[in-house]
Amino acid sequence: MTFHSMWAELLPVGRSSASGGYRRFAWTGADADCRDWFRAQAEARGLTYEVDRNGNQWAWLGDPAEGDAVVTGSHLDSVPDGGAFDGPLGVVSSFAALDELRARHVKFTRPVAIVNFGDEEGARFGLACVGSRLAAGQLTVEQAHRLTDADGITLPQAMERAGYDPDTIGPDPERLSRIGAFVELHVEQGRALDLSGDRVGIASAIWPHGRWRFDFRGEANHAGTTRLVDRRDPMLSYAETVLAARREAQLAGAVATFGKISVEPNGVNAIPSLVRGWLDSRAADQATLDTVVTGVEKAAREYAEAHGVELDVVRESFTPVVEFEHALRDELARILGRDKHAGLTVPVLGTGAGHDAGILSGTVPTAMLFVRNPTGVSHSPAEYAAEDDCVAGVTALADVLEGLACR
Ligand code: HGY
Ligand code: MN
Ligand code: MN
């Protein structure tokens, strides 16, 4: 199996023929097909395959019980109509990098594993990085059991229907204690590498970011017969809040997006009773993020009051700032053969995108490699990375794994 052949095999899984985007949501059929693909890749290489208590998949080379393992991998699930690279590039590259190391006949001195973390995007249940948060104890079993999708199916029910035992979920400190370093390769979700002319870069940090649900409750009524003065229309408050989010983000040099909305009863000729909007906001530091979200909520409450609408705001997902461990980051720079002493700067870049590596960074030493994305577009069917850049990423990951696991 080459990178190209693995990529081609995975490409059609969970892809919408209508949009060309991916719908690989946690614990659905498409997710199961991705998981089958992962297991087949692991077993085809004679790796020890296992699924942990939280449904994350692992493929081991060597004995995990030895500890101090070097782990790589990423996720295979997607956002609605996401691209082909966000997540899968890291998993496919991990298998390809292992193949490259075997071709180099390296001698591993530490256990090595490839992981597929479940439900990284939170597309179905609204919380990002469920698999890695559960393992790291950043999501309690009670919180996980309360996660519910748009059809009212809870996470435990979805896991059970997918053939997994939801009663085992929970913190996995023993497993994480076996990891000496986790390195996640990911397509860049931005254009820094395209602008610098580099194929591969190293992550420095992840911006703090979160998701807040704004529930605007008004009064359902007839769209044709209700006078404007008599309306309590939540759609108006929502619309004004969307504009306020852009304004607050612009003022603060941050980002804020209302990308998801649900309307009840969602009829063309009915004034809504309820408009739910989800805010995603991110900033380079916590204080700025707090300023943006506070500003948006304050504006939303003023708009709601002006229209006789009630407002509830619920924080559904939050990830604090992540500063990747400097020693591991600098080790990657050294291994990649370019460091400041050689007069060459290693492209080290921050990101506003969340990752499992960010969740784990509080528990194990983690680092990230980025592969050039010429347009920077992500979370879209248009997401793209050139194959020669992807292959350069595989070589860089193989070099890093060799440098870390074959001392
Ligand atoms: O939303 C994110 O930043 C990531 O893709 N889960
Ligand atoms: Mn993503
Ligand atoms: Mn991702």
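Please read all numbers here as calculations on a predicted model, not as lab measurements.
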field: Check: His75 and Asp356 side chains under 4.5 Å, non-hydrogen atoms
entry: yes

message: Per the side chain to side chain donor-acceptor pair (under 3.5 Å) rule, what does the pair list look like for residues 360-373, sequence neighbours excluded?
response: Arg372-Asp389, Asn373-Thr375

query: Going by the ring-ring contact (aromatic ring centres under 6.0 Å, His included) test, which pairs reach into residues 348-376, not counting sequence neighbours?
result: His186-His355

query: So which pairs with a foot in residues 233-271 pass ring-ring contact (aromatic ring centres under 6.0 Å, His included), sequence neighbours left out?
result: Phe214-Phe258, Tyr238-Phe258

task: Please list, chain by chain and in numerical order, all residues satisfying side chain to side chain contact (heavy atoms under 4.5 Å, CB included) with Asp52, sequence neighbours excluded.
output: Asn54, Asn56, Trp58, Asp172, Arg175

field: Where at least one partner belongs to residues 270-314, residue pairs that pass ring-ring contact (aromatic ring centres under 6.0 Å, His included), sequence neighbours excluded
entry: none

field: Test item: Asp77 and Phe25 side chains (from C-beta on) under 4.5 Å apart, heavy atoms
entry: no

- request: Please list all pairs passing the ring-ring contact (aromatic ring centres under 6.0 Å, His included) test where one or both residues lie in residues 143-175, with sequence neighbours left out.
  value: Trp27-Tyr164

- line: Residues passing the side chain to side chain contact (heavy atoms under 4.5 Å, CB included) test with Ser177, sequence neighbours excluded, are none

query: Ignoring hydrogens and geometry, is there a side-chain-to-backbone donor-acceptor pair from Arg315 to Trp212 under 3.5 Å?
result: no

- request: Look at the aromatic rings of Trp37 and Phe95 and report parallel, tilted or perpendicular, splitting at 30° and 60°.
  value: perpendicular

task: Taking side chain to side chain contact (heavy atoms under 4.5 Å, CB included) as the test, write out the residues that go with Thr154, two or more places apart.
output: Thr148, Pro156, Gln157

Least distance between heavy atoms, Leu360 atom then Ala136 atom: CD2-CB, 4.3 Å

message: Is a donor from one side chain sitting under 3.5 angstrom from an acceptor on the other, for Gln57 and Glu50?
response: no

- request: Could you tell me if the ring centre of Phe117 sits under 6.0 Å from that of Phe182?
  value: yes

- line: In short, side chain to side chain donor-acceptor pair (under 3.5 Å) pairs touching residues 391-402 with sequence neighbours left out are Arg104-Asp399, Arg104-Glu402

Sequence-distant partners of Glu174, side chain to side chain contact (heavy atoms under 4.5 Å, CB included), two or more places apart: Arg178

message: With a 4.5 Å cut-off on side-chain heavy atoms, are Thr294 and Glu248 touching?
response: no

- prompt: For Leu89 and Cys390, which heavy atoms make the closest approach, and how far apart are they?
  reply: CD1-SG, 3.7 Å

- request: Tell me, please, which residues at least two apart from Glu297 pass salt bridge (charged side-chain N to carboxylate O under 4.0 Å, His left out).
  value: Arg301

message: Could you work out, with ring-ring contact (aromatic ring centres under 6.0 Å, His included) as the rule, every residue matching Phe3, not counting sequence neighbours?
response: Trp7

query: Where is the tightest heavy-atom contact between Gly73 and Ser94, given as atom of each residue plus distance?
result: N-OG, 3.3 Å

